[in-house]
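The block underneath contains the structure these notes are about, expressed in structure tokens.
Worth saying up front: this structure is predicted, and the values here are computed from it rather than measured. Nothing fancy with the numbering, it's 1 onward along the sequence.
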Amino acid sequence: MTEHLVTHQANGEPLMWRGRFAPSPSGRLHFGSLVAALASYLEARSRNGEWLLRIEDLDPPREQPGAADDILTTLEHFHLHWDGSVLYQSQRHQRYEEVLQQLAAQQQIYACDCTRKRIKEAGGLYPGLCRSRHLALDSANTSIRLKIDKPMTSFKDRIQGEVSVSAPIAAEDFIIRRKDGLFAYQLAVVVDDIDSQINHVVRGADLLDSTPRQLQLYHLLDANQPDYFHVPLASNVDGSKFSKQNFATAIDPEQASSQLTNALIFLNHPPPTELHNASCEQLLTWAQTNWNHQNVTASYSQTVDSSGKRLPNKQ
Ligand code: GLU
């Protein structure tokens with residue numbers, strides 16, 4: 001069991017506020033990732049907390065050479081400086097394996113050899129077909145799934161309020177190790193956040209559906225769950241989400257202060273006119289003092305133009 005050392009104040013707030021930014025190196029940072037990085041930075045720094053950086057390089061086939069270093073350089077360019085050394089998930093396999101063994105001992109996992117086709121035929125979400133087959137956990141070409149006994153269909157988010165997720169998604173026995181032997185994001189993110197004693201998670205709203213799954217793992221690993229803050233996703237005028245695969249929207253360090261301003265406007269913290277041509281450092285100092293997550297709009301996405309300028313959302 002992982003010992004959770006963070007202690008709390010009388011009002012329930014943690015003594016030390018520790019957050020993180022956890023990008024996957026599948027491409028360069030884009031405006032949406034800048035928003036997530038900035039919000040998590042400000043949430044931690046405005047409370048004199050720590051802000052850690054973790055590179056989620058868990059899935060080599062999806063990585064782009066050079067992307068991890070590029071992300072670090074870009075963050076530094078924006079003056080988003082992190083504490084301590086960067087944690088790389090690629091160096092944590094042994095720890096994930098240990099946790100997998102712990103869950104095996106708790107009889108919370110099982111092996112599954114179902115093909116995608118089979119799951120599709122069964123309706124798309126996995127209906128527990130291998131739950132009682134007792135396949136060996138180390139048999140070849142099988143994934144490992146977590147047994148969900150009590151689905152969690154809602155949780156409290158500090159920005160989005162009470163969030164409900166679809167019951168079938170919440171009830172699915174999801175994969176924690178893939179057939180190709182790679183550990184799944186859901187497992188790694190929770191193990192790392194527990195081990196790093198992260199007590200608040202600020203990230204994009206595309207991960208709302210993953211949160212109840214991650215909460216299941218916190219529960220099974222007997223760890224304190226973090227507070228969640230899901231910020232709206234930046235979406236293009238055509239409704240598509242900004243993504244690392246779309247190079248047109250990669251942020252440009254040459255335009256750092258105007259993009260940082262756009263990111264602050266996106267988060268409903270427009271800097272005052274005196275800061276019109278301010279440096280990133282000055283903008284961040286102002287934002288740290290003025291940050292209040294309650295000003296961030298509780299919505300799934302927000303439309304922006306290609307430079308990140310906020311546009312009215314389509315009704
Ligand atoms: N690595 C994930 C991403 O880049 C974020 C994970 C998280 O913040 O929990 O989308």
Side-chain angles (χ1 to χ4, degrees), residues 1-2 22 24 26 56-63 89-90 92-155 157 163-194 201 203-223 225 228 230 241 243 300:
M1 194 192 307
T2 310
S24 311
S26 52
E56 302 212 317
D57 51 352
L58 204 58
D59 190 355
R62 289 194 54 227
E63 274 152 39
Q89 288 191 327
S90 53
R92 303 256 305 151
H93 288 198
Q94 208 179 329
R95 176 72 183 125
Y96 305 143
E97 183 59 40
E98 236 172 72
V99 174
L100 197 95
Q101 294 311 326
Q102 178 186 338
L103 293 167
Q106 292 172 231
Q107 304 199 342
Q108 278 303 141
I109 58 178
Y110 62 92
C112 161
D113 62 1
C114 292
T115 57
R116 259 171 221 242
K117 187 164 166 261
R118 181 140 190 245
I119 298 171
K120 207 167 158 204
E121 283 162 5
L125 282 172
Y126 185 72
L129 300 168
C130 296
R131 236 188 198 237
S132 42
R133 289 180 62 211
H134 306 292
L135 299 171
L137 287 177
D138 57 358
S139 37
N141 215 17
T142 54
S143 55
I144 306 282
R145 292 182 178 270
L146 189 76
K147 279 187 206 163
I148 302 300
D149 296 322
K150 278 199 212 105
M152 232 175 257
T153 51
S154 68
F155 68 96
D157 187 90
V163 177
S164 300
V165 298
S166 101
I169 294 184
E172 187 182 34
D173 290 347
F174 60 88
I175 291 180
I176 57 170
R177 202 183 67 201
R178 300 175 358 188
K179 270 189 187 171
D180 57 10
L182 294 175
F183 289 98
Y185 155 72
Q186 307 289 6
L187 179 77
V189 77
V190 171
V191 173
D192 290 345
D193 282 343
I194 294 173
V201 167
R203 59 188 181 188
D206 51 337
L207 292 165
L208 282 169
D209 272 355
S210 289
T211 307
R213 299 185 162 192
Q214 294 169 15
L215 288 173
Q216 294 279 355
L217 283 165
Y218 277 96
H219 175 69
L220 292 171
L221 299 172
D222 199 18
Q225 65 182 65
Y228 288 99
H230 285 88
K241 170 186 161 226
S243 80
Y300 183 77

Output for pair (Glu56 CD, Arg92 CZ), nearest 0.5 Å, gives 11.0 Å
| request: Return yes if some donor-acceptor pair links the side-chain N/O of Gln214 with the main-chain N/O of Val190 below 3.5 Å, else return no. | output: no
Item checked: Minimum side-chain heavy-atom gap Tyr185-Ser24 below 4.5 Å -> no
| field | Working for side-chain contact (heavy atoms from CB on, under 4.5 Å), residues Tyr126 and Ile175 | value | CA-CA 10 Å; Tyr126 185 72; Ile175 291 180; over 6 Å; no
On a heavy-atom basis, the closest approach of Met152 and Ala170 is O-CB, 3.2 Å
side-chain hydrogen bond (donor to acceptor under 3.5 Å, both in side chains) between Glu98 and Gln102, intermediate numbers included | CA-CA 6 Å; Glu98 236 172 72; Gln102 178 186 338; over 6 Å; no
**OP:** Indicate yes or no: does Arg95 engage Asp192 in a salt bridge with an N to O separation below 4.0 Å.
**Re:** no
- Message: Under 3.5 Å, is there a donor on one side chain and an acceptor on the other for Asp57 and Ser90?
- Response: yes
What I want to find out is whether Asp149 reaches Arg131 closely enough, with some N-O distance under 4.0 Å, to be called a salt bridge. yes
All heavy atoms of Pro61 vs all of Leu182, minimum pair found to be CD-CD1, 4.2 Å
Would you please classify the geometry between the His230 ring and the Tyr228 ring as parallel, tilted or perpendicular, with 30° and 60° separating the classes? parallel
Taking the six-membered ring of Phe183 as reference, does the cationic atom of Arg178 (NZ for Lys, CZ for Arg) lie under 6.0 Å from its centre and within 45° of its axis? no
Q.
Taking Cys114's backbone N and O only, do any of them form a donor-acceptor pair with Lys179's side chain (distance below 3.5 Å, no angle check)?
A. yes
Check your understanding: Does Thr153 reach the side chain of Pro212, with side-chain heavy atoms less than 4.5 Å apart?
Key -> no
(Q) Is any side-chain heavy atom of Thr142 closer than 4.5 Å to one of Cys112? (A) no
Measure from the side-chain N and O atoms of Gln106 to the backbone N and O of Leu220, and report whether any donor-acceptor pair falls under 3.5 Å. yes
Review point. If only atom types and distance count, is the side chain of Lys147 paired as donor or acceptor with the main-chain N or O of Gln107 below 3.5 Å?
Key: yes
Heavy atoms of His93 and Leu58 approach each other most closely as NE2-CD1, 4.5 Å
Between Ala104 and Leu137, the two heavy atoms sitting closest are CB-CD1, 3.7 Å
So OH of Tyr96 and CG of Leu187: to nearest 0.5 Å the spacing works out to 8.0 Å
Quiz item: Do the side chain of Asp173 and the main chain of Ile148 share a donor and acceptor less than 3.5 angstrom apart?
Solution: yes
Shortest non-hydrogen pair, Ile176 vs Leu103, comes out as CD1-CD1, 3.9 Å
Heavy-atom closest pair (Gln216 atom, Pro151 atom, distance to 0.1 Å) is NE2-CA, 3.7 Å
Main chain of Leu207, side chain of Thr211: is a donor-acceptor contact present, judged purely on distance under 3.5 Å? yes
Decide yes or no for Ser143 and Arg177: does some side-chain heavy atom of the first lie under 4.5 Å from some side-chain heavy atom of the second?
-> no
